[in-house]
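Naming convention: chains lettered A, B, ... in sequence-line order (proteins, then strands); numbering from 1 in each chain. Just so you know, these numbers use all the heavy atoms, side chains as well, and skip hydrogens, waters and symmetry mates.
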Protein chains: 2
Amino acid sequence: MDAIHAFEHLPHKTIERLSQYRRALLICLEEGKSHIFSHEIARIQHITPVQVRRDLMLIGYSGTLRKGYNIEQLIELIGEIIDSEEMIKVAVMGLGDLGHAILNYFNGKRSKLSIVAGFDVNPKKIGTVFNGVPCYPVEQIQEIINRENISIGIITVPAKQAPVTAGRLIKAGIKGILNYTPTPIQVPEDVYLEEYDMITTLEKLAFYVKLANDKNKL
Amino acid sequence: MDAIHAFEHLPHKTIERLSQYRRALLICLEEGKSHIFSHEIARIQHITPVQVRRDLMLIGYSGTLRKGYNIEQLIELIGEIIDSEEMIKVAVMGLGDLGHAILNYFNGKRSKLSIVAGFDVNPKKIGTVFNGVPCYPVEQIQEIINRENISIGIITVPAKQAPVTAGRLIKAGIKGILNYTPTPIQVPEDVYLEEYDMITTLEKLAFYVKLANDKNKL
DNA sequence: GTAAGTTTGTTAAAAAGTTAACAACGCAAA
DNA sequence: TTTGCGTTGTTAACTTTTTAACAAACTTAC
Ligand SMILES: NC(=O)c1ccc[n+]([C@@H]2O[C@H](COP(=O)([O-])OP(=O)(O)OC[C@H]3O[C@@H](n4cnc5c(N)ncnc54)[C@H](O)[C@@H]3O)[C@@H](O)[C@H]2O)c1
Ligand SMILES: NC(=O)c1ccc[n+]([C@@H]2O[C@H](COP(=O)([O-])OP(=O)(O)OC[C@H]3O[C@@H](n4cnc5c(N)ncnc54)[C@H](O)[C@@H]3O)[C@@H](O)[C@H]2O)c1
């Protein structure tokens, strides 16, 4: 299909925004709305209406003049683009506070993404089931990842353990890693990596807050 | 001072990377290194050496030829740029799993940023102290934020409570908000806002994993 | 002491991402 | 009708961000 080819070349930022649009659209749908204007989506996402229209143009979706976009259809189309046909399965490495928060938050939210396993070294956690997700010992990682066909790993172990944990995930054949520890990790180029550290976000925020403060003092 | 003026116009991405460089540099310092090359920093951060050099050029830091950058000095300079002179104080709204993870993780990591208060509605949590951070009832938000001179709020309440919580923070005079719930919020333009949703990151990851999969199948 | 090899600093070019501008359209009110 | 307004789709301009290119400088090896 031609469309699949096109979606390959969607800008990275557009992919992110599509996910965000869908999240917002799902809420609107729940609230009983059937249509939405570009400027409404824009306001929710803190961007410009032009950008919304441009993104939707890129995925080939057309709205109705003066009526806006059909919410249900748009959710459907975004799903066709960013979701995969089969379920994508995810494992969480390290079921501490953050790992728990993620398990709590995540499952059930998306139909094509599911956390199916947790791994830990703490004997008290191994064998327990949290929110429907069983906790396995790290030694079984290869076995479980093969058996369940898990392709994404989330790292929430103590920072020092991040590199060795990443190594295990890679060895086990994982294709994408989301690293929530502050220790950067290295991956081969066929593994997708996202790293997020709260402190970077906070420091950025603090920088701009300070800047605004300094300006007001003048 | 002239330099302060210049730092105002640093690219947003550079600010983010400076925070990341510092994080990496602190680790290197601990490991006993005294100097580092641009390509080493680049490798840790998964970017190019040119970009590192460019960022450092923008902040006016010069390395030594064939010896690289002095780690201690660079950490110091990055601090002068992105940290504020006085401590920036932070409050966490909602001390559930995620709020706890943040308290656990954060305090002590940075000298100029500190979480000094938590707020919750659960009577069992109110009055407790977690990791040195007291939990107050939300009703006292105005009082505590004024008294402690808190300027940043992190939102980790249940998603539905996000907008009302944001409203309270804004009313209390907060200047920056970091929203970790999946419900987008609205803020006046003198308040800095960052929103982060794990699902967006995961969906993006899943998209590129799928893409790579599809390519391999051809 | 000279040549070869590295690494920095900076300017210039390229790429990615955002915003502006506006024609086309359709609804609503006059 | 017809006029005016609000909205989409799209091209073009602009801005931001990244990458390339390369001279200058220092070190080491010969
Ligand atoms: N990025 C962020 O925003 C953010 C926020 C909070 C915490 N963190 C980071 O996330 C990580 C986890 O934080 P937390 O508060 O949940 O810590 P925690 O100590 O509560 O949890 C860590 C868990 O990992 C397990 N573990 C230890 N070694 C392991 C290994 N080798 N393999 C598998 N499991 C192992 C422990 O038994 C524990 O259950 C830390 O690195 C922390 O720095 C990041
Ligand atoms: N963005 C992410 O990556 C991510 C990950 C996990 C969870 N979350 C989100 O973070 C939020 C918190 O998650 P959690 O797992 O910690 O939930 P939780 O239920 O464990 O914690 C929520 C806490 O907020 C308190 N609370 C409820 N209403 C409040 C109010 N009006 N004011 C102050 N406190 C209030 C509750 O008493 C509870 O202690 C949720 O919205 C969840 O969707 C986000």
Contact under 4.0 Å: [X] side-chain N or O vs [N] OP1/OP2:
X: T64(A); N: dT8(D); result: no
X: H12(A); N: dA16(C); result: no
X: R17(A); N: dT18(C); result: yes

What nucleotide, of [options], holds the atom closest to the side chain of [X]?
X: R53(B); options: dT18(C), dA21(C), dG9(C); result: dG9(C)
X: Y69(A); options: dC27(C), dA25(D), dG9(D); result: dG9(D)
X: K13(B); options: dT17(D), dT28(D), dA24(C); result: dT17(D)
X: V50(B); options: dC5(D), dA21(C), dT10(C); result: dT10(C)
X: F37(A); options: dC5(D), dT17(D), dT8(D); result: dT8(D)
X: M57(A); options: dT19(D), dG9(D), dC26(D); result: dG9(D)

>> Check whether T156(B) reaches the backbone of G94(B) with its side chain - one donor and one acceptor, N or O, closer than 3.5 Å.
In response: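 Confirmed, T156(B) side chain pairs with G94(B) backbone.
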
I need the [atom1]-[atom2] distance between [X] and [N], as an integer number of Å.
X: H9(A); N: dA16(C); atom1: NE2; atom2: P; result: 11 Å
X: I59(A); N: dT10(D); atom1: CD1; atom2: P; result: 13 Å
X: D55(B); N: dT19(D); atom1: CG; atom2: P; result: 11 Å
X: I36(B); N: dT8(C); atom1: CD1; atom2: P; result: 10 Å
X: L58(B); N: dT19(D); atom1: CG; atom2: P; result: 15 Å
X: Q51(B); N: dT18(D); atom1: CD; atom2: P; result: 4 Å

>> Given the structure, check if the side chain of R54(B) and the base of dT19(D) hold any donor-acceptor pair shorter than 3.5 Å.
In response: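 Donor-acceptor pair under 3.5 Å: yes.
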
>> Students often mix this up, so state it plainly: with edges at 30° and 60°, are the rings of Y180(B) and Y196(A) parallel, tilted or perpendicular?
In response: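 Perpendicular, since the angle between the ring planes exceeds 60°.
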
> At under 4.0 Å between heavy atoms, what does S62(A) touch on the DNA or RNA strands: base, sugar-phosphate, or nothing?
Replying inline: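 Counting heavy atoms under 4.0 Å across all strands, the contact made by S62(A) is with sugar-phosphate only.
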
> At under 4.0 Å between heavy atoms, what does S38(B) touch on the DNA or RNA strands: base, sugar-phosphate, or nothing?
Replying inline: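 It contacts sugar-phosphate atoms only.
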
> If every non-hydrogen atom of I177(B) is compared with every non-hydrogen atom of A166(B), which pair is closest and at what distance?
Replying inline: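 Heavy-atom minimum between the residues: CD1-O, 4.3 Å.
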
>> Could you go through D83(A) and R22(A), starting from their C-alpha distance and side-chain angles, then the distance that decides it, and tell me whether this counts as salt bridge (charged side-chain N to carboxylate O under 4.0 Å, His left out)?
In response: CA-CA 11 Å; D83(A) 289 343; R22(A) 175 164 68 176; 2.8 Å; yes

